[in-house]
Amino acid sequence: MNDQPGTLNEYNPQAIEKKWQQFWEQHQTYRIHIDPTRPKYYVLDMFPYPSGAGLHVGHPLGYVASDIFSRYKRVLGFNVLHPMGFDSFGLPAEQYAIQTGQHPALTTGQNITRYIEQLKNLGFSYDWNREVRTSDPGYYKWTQWIFEELFKSWYNYKTDRAEPIETLIQEFGHRGNSRVQAACDEDVPTFSAAEWKAMSAEAKYAFTLKYRLTYVAEATVNWCAGLGSVLSNDEVKDGVSERGGFPVEQKLMRQWMMRITAYAQRLLDGLNTIDWTESLKEQQRNWIGRSVGAMVKFGVDQHADKSIEVFTTRVDTIYGVTFMVLAPEHELVSKITTNAQKQEVAEYIESTKKRSERDRMADVKTISGAFTGAYAINPFNEQPVPIYIADYVLAGYGTGAVMAVPSGDQRDWNFAKHFDLPIVPILDGQQNLEKEADATKEGKYINSGIIDGLTYAEATPVLVAWMEERGIGKAKINYRLRDAVFGRQRYWGEPVPVYYKEGENGQPLPYLIPADELPLELPSVNKYLPTETGEPPLGRAEGWKYKSEYAYELSTMPGWAGSSWYWYRYMDPENNQEFASPEAIDYWRDVDLYLGGTEHATGHLLYSRFWNKFLKDRGFVPEDEPFKKLINQGMIQGRSNFVYRVVSEEYSKPVFVSAGLRDQYGTTPLHVDVNIVENDVLDVAKFKASRPDIAGENAEFILEAGKYLCGVEVEKMSKSKLNVVNPDDIVARYGADTLRLYEMFLGPLEQAKPWNTNGIDGTFRFIRKFWRLFYNENGQWLVTDYAPNKDELRVLHKTIKKVQEDTENFSFNTAVSAFMVCVNELGSLKCAKKSILTELVILLSPYAPHVTEELYAALGHEAGTLSSATFPTWQAELMLEDAFEYPIQINGKVRATISFPLDTMPSDIEKEVLANETVQKWMEGKSPKKVIVVPKRIVNVVI
RNA sequence: GCCGGGGUGGUGGAAUAGGUAGACACGCAGGACUUAAAAUCCUGUGAGCCGCAACGCUCGUACGGGUUCGAUUCCCGUCCCCGGUACCA
């Protein structure tokens, strides 16, 4: 590879790309507007967090794909919205601020500038006039506004949608709250209309707080002391914070929460209406975790006033219950434990507390628990069963209590064996109960009171009816999904627009900052750390308007707030009156194609769907689902190179052995910078220069075939592993088009793959060859006006067809291959004719918009872009040009062909008759034994 | 464990309503050009066999079976890899 590709007469990407970037900027080529005469198409990339490291080499993968698709849709006549922006609130900028004292807005701004520069270098067709930044006050004004709208709303299960809080207050005034079916706090007492009317205005207000979609609650949260903040479940991995790796503990705190659980069922149902990958939908389904079952109330022996409620998905096994298990944290534990068992129970609770979350997860096999001494009464047969506590029952799921059926559940079975508790079979279909539990639903019930002799399908309704009659249980659907914690004790985020006033009972009540005073701007602080009294950094706020009168909410919103609605802001980014105008929303509606990584499956993508459904309920947006189709680009992993240092007393100087020969020596592998390795061959001179400490002048290298080959391993891309490849370096050397094409060529878009540049020369050669179709060896323009011949048309039409199919399927790697074949074939045909090239450019422009600049002028296109809509016309030409040919195999060998014009699709029978005739002719009248016609392309004949 | 996706040359990967496996590219080898190198171009390149050559033959898509005229593709079983999730009652 020449280090300076491109002389004056050669393809010179640096000059071409620079020229066209300036041109696009000047002419605002990619600026788009609402155009009711054309259909819209919205292509969205997941916007990046602008980190200090600059654009990651994995980012362009998805951006290139979405850019290709945007260009493709434009060529087909769509008005394409293709914007970019920045998710610019976040922890790293704040950490940096803590270390350096620099305002996060400053560093964030610098990072964004760099990102934009890099993105523009890559030639994306974004409309930069629509750029958004979540940390701009003009943007987060509307994030705060949505928060306030959520606060002003409640979820009505009767209408199954969110409604303004006024409709709830009205209902309270009419009939109290006994008939209200709402998503609300658990501790809401029932009251009548009269009682409601008797309440003070403030008491009424306090009451509504239990129903609003954002609310304050005492919640167990993931508290990370290292970061001084609360984290969401998806920010915690293996008991430590995802960012920074600090330990995380469970802590009870007053927190802003969002009632996403109100939408659990709709979030589940909506998945059936959208075109996402099955694995992603499955992840969301698991996260929401719907299970259908029943709540059953068990009495407690000696405690007539108490009962234990359990959730079960198998009420039909109720007669097989031989013990109960409570979570150690369950509130009844202390009340029902007998004196004799007190010490054992206390010890057990103590030991579970010591076990970290991590230990509990890692160690699933150890069976432990303690007997409380109390007994529960099975409401169906009045039999007492012992109550245990055990840490395999989770306080956070269901009621924190389970009815244990050892014959049907393996964990219960294990527990029963360990504590020597009875195992009662309840179905005649159950087998091997001595060895393991059998969760079958086959057979008829035995030992089962009112359901004896029934089947599974018959039993459940009988049991539920029996329970409901007596008020001891009911059918119930349970979700794993929890309400989302909405506060972070951090500085660099949207301030929660709330202040507090002390109420009658001395408790502070939250009130919204009036909407016309939004945005509540992030105040400046002298330090980005929590205050001495342990308040969040906003405790240091200076210049807050009402600070002397009221206490402000000091937490900020979580990272996902700003990203949960940003696709609407692109529709109308400058609007200061609304988050986007109804006109813009009505035209652009929803995202037709969304590209991004799978890592957001249970975070961003779930919260966004939640907010969207809320906005829909309140009439602000028209569509129920925000992202119609979603493609996940695979993660780009790092590809590390290694050198092998020989470990031996024999040598006084450092010795490195090539990878293929390392088995013959004892060696230690060392990471080596991938940027001084090409095709896994080490540049020894550069290596020596870069590591004088170990590889200086007198180091020895044991080569194979004259080269030093490096070892390879796929790892996460990181600085310490010396495997980071900066896209800028590639662009500087080969040009953006080569990088773009290469990233597409690397493999299927959705597949995770290690980044390596081993094949990049191939795509560079291709683009150069392509360039040469247009220019002669002196760099002069070659395009002329001759009509193409049949062979040339054939090549073009074949390519157009293939590329269109591949593009529709997001199979860009095969599309690039098809281009390569096309250019090779045209090259040998010496084809350089205007009409052919017109079509070729339409195809190629998504991938290489810079290469063919002269064409814009020569063909009279609007400069710098392509708007020709010739796609529909070529297909007709293709039909006239070509024919289907069916080879006829006789005893496995091709001996003849039959052909059909493309406009007449023969039936299989017609083919068989024709094949028969052809074979007979070929064999001079002999008749074949068997003719098998295969629809696709081959006719087999057996004689 | 469960759920989802995979296993094809030296490498990245093509091809699945069943129909010439290995497109395209990298790498490698040989050749042309060159004082030389780089770049470029041409030829070859799954493994093996036969032969002067042409033609041709056998085996090959993780492994073992099955269905079929025909299986990388469909079915059953096994092994391995990647991603997600985790005591969810």
Side-chain angles (χ1 to χ4, degrees), chain A residues 1-7 10 277-287 289-291 293 310-314 317 324-325 327 360-367 390-394 396-405 408-412 414-415 478-481 598-599 601-602 632 634-635 637 679-681 705 712 714 741-742 745-748 750-754 756-763 765-766 768-769 772 777 802 811 813-822 824 827 886-887 889 891-894 929-942:
Chain A
M1 189 57 229
N2 191 334
D3 269 336
Q4 273 133 6
T7 62
E10 270 287 359
T277 58
E278 206 41 52
S279 87
L280 201 67
K281 289 187 191 179
E282 206 51 37
Q283 277 182 56
Q284 290 211 344
R285 284 190 194 110
N286 291 340
W287 192 259
R290 179 184 203 254
S291 37
V310 299
F311 174 73
T312 174
T313 53
R314 290 289 303 270
T317 63
M324 299 279 288
V325 189
R360 269 172 83 162
M361 283 198 294
D363 178 21
V364 189
K365 290 195 182 101
T366 311
I367 295 153
D391 63 4
Y392 82 85
V393 175
L394 307 173
Y397 183 76
T399 59
V402 303
M403 53 177 237
V405 184
D409 183 282
Q410 192 57 45
R411 283 160 312 167
D412 296 345
N414 294 341
F415 197 86
N478 204 34
Y479 298 92
R480 197 193 81 115
L481 186 72
T598 2
E599 66 272 20
T602 54
N632 294 117
M635 261 210 294
Q637 298 145 297
N679 292 334
D680 296 332
V681 177
V712 172
V714 173
L741 266 175
Y742 183 62
F745 187 65
L746 212 49
E750 311 201 16
Q751 188 178 303
K753 55 212 158 226
N756 82 80
T757 49
N758 283 355
I760 198 164
D761 284 358
T763 44
R765 280 183 204 132
F766 158 69
R768 189 155 52 186
K769 271 191 222 168
R772 284 185 187 144
E777 60 274 18
K802 172 79 176 143
S811 176
N813 55 330
T814 51
V816 175
S817 294
F819 273 138
M820 289 180 173
V821 173
C822 175
N824 282 339
Y886 291 86
Q889 289 193 2
N891 289 345
K893 286 178 191 172
V894 177
K929 273 186 204 156
K930 192 172 179 183
V931 177
I932 301 149
V933 176
V934 179
K936 215 162 180 186
R937 52 194 225 249
I938 289 181
V939 181
N940 282 325
V941 180
V942 181

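Any value given below was found using the heavy atoms of this structure, including those in side chains, with hydrogens, waters and symmetry copies removed.
- Applying the ring pair (Phe, Tyr, Trp, His ring centres under 6.0 Å) test to A:F415 and every residue at least two apart in sequence or in another chain returns A:F323, A:Y388, A:Y392, A:F419.
- Residue A:S291 has a polar side-chain atom (N or O) positioned under 4.0 Å from OP1 or OP2 of B:A89.
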Point to revise | Verdict with reasoning, A:L746 to A:Q751, per side chain to side chain contact (heavy atoms under 4.5 Å, CB included) | key: CA-CA 10 Å; A:L746 212 49; A:Q751 188 178 303; over 6 Å; no
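- Contact annotation for A:E750: no contact, since no heavy-atom pair falls under 4.0 Å across all strands.
- A:D412 comes within contact range of no nucleotide atom at all, as no heavy-atom separation falls under 4.0 Å.
- The side chain to side chain contact (heavy atoms under 4.5 Å, CB included) test with A:F766 singles out one residue from A:D761, A:L741, A:N824, and that residue is A:L741.
- Close to B:G5, at under 4.0 Å from its OP1 or OP2, lies no side-chain N or O of A:N632.
- A:Q284 places its CD atom 14 Å from the C1' atom of B:G4, with the value rounded to the nearest Å.
- The residue A:E282 sits close only to the backbone: its heavy atoms come under 4.0 Å of sugar-phosphate atoms, none of a base.
- Taking the six-membered ring for Trp and thresholds of 30 and 60 degrees, A:F311 and A:Y397 have ring planes more than 60 degrees apart, a perpendicular arrangement.
- Distance CG (A:N824) to P (B:C41): 9 Å, rounded to an integer number of Å.
- When heavy atoms are screened at a 4.0 angstrom cut-off, A:K769 is found touching the sugar-phosphate backbone but no base atom.
- Whole-Å rounding puts the A:Y397 OH to B:C87 C1' distance at 12 Å.
- Under 4.0 angstrom from either OP1 or OP2 of B:U40 there lies at least one side-chain N or O belonging to A:R765.
- With rounding to whole Å, A:R285 atom CZ is found 16 Å from B:U85 atom P.
- The separation of B:C74 from B:C59, taken at their C1' atoms, amounts to 24 Å, rounded to a whole angstrom.
- Within the 4.0 Å cut-off from OP1 or OP2 of B:G27, not a single side-chain nitrogen or oxygen of A:N758 is found.
- Between A:R411 and the phosphate of B:C88, there is a side-chain N or O to OP1/OP2 separation shorter than 4.0 Å.
- Stretches of at least 3 consecutive Watson-Crick or G-U wobble pairs, with each checked distance under 3.5 Å, appear in RNA chain B as B:1-7 with B:79-85, B:10-12 with B:24-26, B:27-32 with B:40-45, B:46-49 with B:56-59, B:62-66 with B:74-78.
- For A:R480 and B:A89, the CZ to C1' distance is 14 Å, given to the nearest whole Å.
- Remark: C1' of B:C3 and CD of A:E278 are 11 Å apart, rounded to the nearest angstrom.
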Practice item. Show your working on side chain to side chain contact (heavy atoms under 4.5 Å, CB included) between A:N286 and A:R480 and close with a plain yes or no. Key: CA-CA 8 Å; A:N286 291 340; A:R480 197 193 81 115; over 6 Å; no
Review point. Does the side chain to side chain contact (heavy atoms under 4.5 Å, CB included) test come out yes or no for A:R314 and A:V405, once each step is laid out?
Key: CA-CA 9 Å; A:R314 290 289 303 270; A:V405 184; over 6 Å; no
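- Backbone-only contact: A:S279 has heavy atoms under 4.0 Å from sugar-phosphate atoms and none from a base.
- For the OP1/OP2 pair of B:G1 and a distance below 4.0 Å, the side-chain nitrogens and oxygens of A:Q410 include no atom meeting the criterion.
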